[in-house]
Amino acid sequence: MAPEPAKPEAAVEQLMWNYTKAWNRHDAAAIAKNFYRTGPTIEEQTASLERSFENLRSQGYHHSDIFEIKACLTGADTAWAGMKFSRLKADGQPLPPKDRASSYTLTKFADGWRITKVGVGGVSADKPLACPAG
């Protein structure tokens, strides 16, 4: 009996888990190069991410605890991902609000899946993650 093929969304979900690992290392350069296609250039995206991390660290941010990731293909080369998480301080206390959710639009490029939009809406920390309709 042949093994059942992995669901197509698995590659997107794995990318999102890998993205969170880079995020928790505060690795702006790796995120800009390997996960994002949101800025005009990798250098500009890296600088923007570094500013974001500086802002988060000024609030006491240490890392994010991921509770759930869901991915759905929305076209041949497009996908959606939703994530539920908490942003935590070094002592484990959450930065308010404790429960957060974000959604992402992804596009498949020659070098793999990349996040093209962050926080596009449609998710809530208090509702189940669900693929967009249509």
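Quick caveat: nothing in here was measured; it's all calculated off a predicted structure.
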Counting only pairs under 3.5 Å, give me each side-chain donor-acceptor contact of residues 124-133, with atom names and distances, residues two or more places apart or in other chains.
from: Ser124; atom 1: OG; to: Asp126; atom 2: N; distance (Å): 3.4
from: Ser124; atom 1: OG; to: Asp126; atom 2: OD1; distance (Å): 2.2

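Within the 4.5 Å cutoff, the side chain of Asp77 has no heavy atoms near those of the Phe109 side chain. Side-chain contact between Met83 and Met16: present, with at least one pair of heavy atoms (C-beta onward) separated by less than 4.5 Å.
Heavy atoms only, all atoms of each residue included: Val12 and Ala79 are closest at CG2-CB, 3.9 Å.
Ser52 pairs by the side-chain hydrogen bond (donor to acceptor under 3.5 Å, both in side chains) definition with nothing, not counting sequence neighbours. With sequence neighbours left out, the salt bridge (Lys or Arg N to Asp or Glu O under 4.0 Å) criterion links Arg25 to Asp27. Looking at residues two or more places apart in sequence or on another chain, you find a side chain to side chain contact (heavy atoms under 4.5 Å, CB included) between Asn18 and Gln14, Lys21, Phe35. The side-chain hydrogen bond (donor to acceptor under 3.5 Å, both in side chains) check on Ser86 picks up nothing, with sequence neighbours excluded. Remark: Phe85 pairs with no residue by the ring pair (Phe, Tyr, Trp, His ring centres under 6.0 Å) rule, at least two apart or across chains. Taking the salt bridge (Lys or Arg N to Asp or Glu O under 4.0 Å) definition, one finds that Asp111 meets it with Arg37, Arg114, sequence neighbours left out. For Arg57, the side chain to side chain contact (heavy atoms under 4.5 Å, CB included) test picks out His26, Phe53, Glu54, with sequence neighbours left out. Evaluation of the side-chain hydrogen bond (donor to acceptor under 3.5 Å, both in side chains) rule for Ser64 yields Tyr61 as partners, not counting sequence neighbours. A search for side chain to side chain contact (heavy atoms under 4.5 Å, CB included) contacts involving Thr41 returns Glu43, Glu44, not counting sequence neighbours.
Applying the disulfide (SG to SG under 2.5 Å) test to every pair with at least one member in residues 84-119, sequence neighbours left out, gives no pairs at all. Every pair tested for disulfide (SG to SG under 2.5 Å) that includes a residue from residues 14-51 fails, sequence neighbours excluded, so the list is empty.
Electrostatic pairing of Glu13 and Lys7 counts as a salt bridge here, judged by a charged N lying under 4.0 Å from a carboxylate O.
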Side chain to side chain contact (heavy atoms under 4.5 Å, CB included) between Ile69 and Trp17: does it pass, once the steps are laid out? CA-CA 8 Å; Ile69 292 176; Trp17 283 107; 3.5 Å; yes

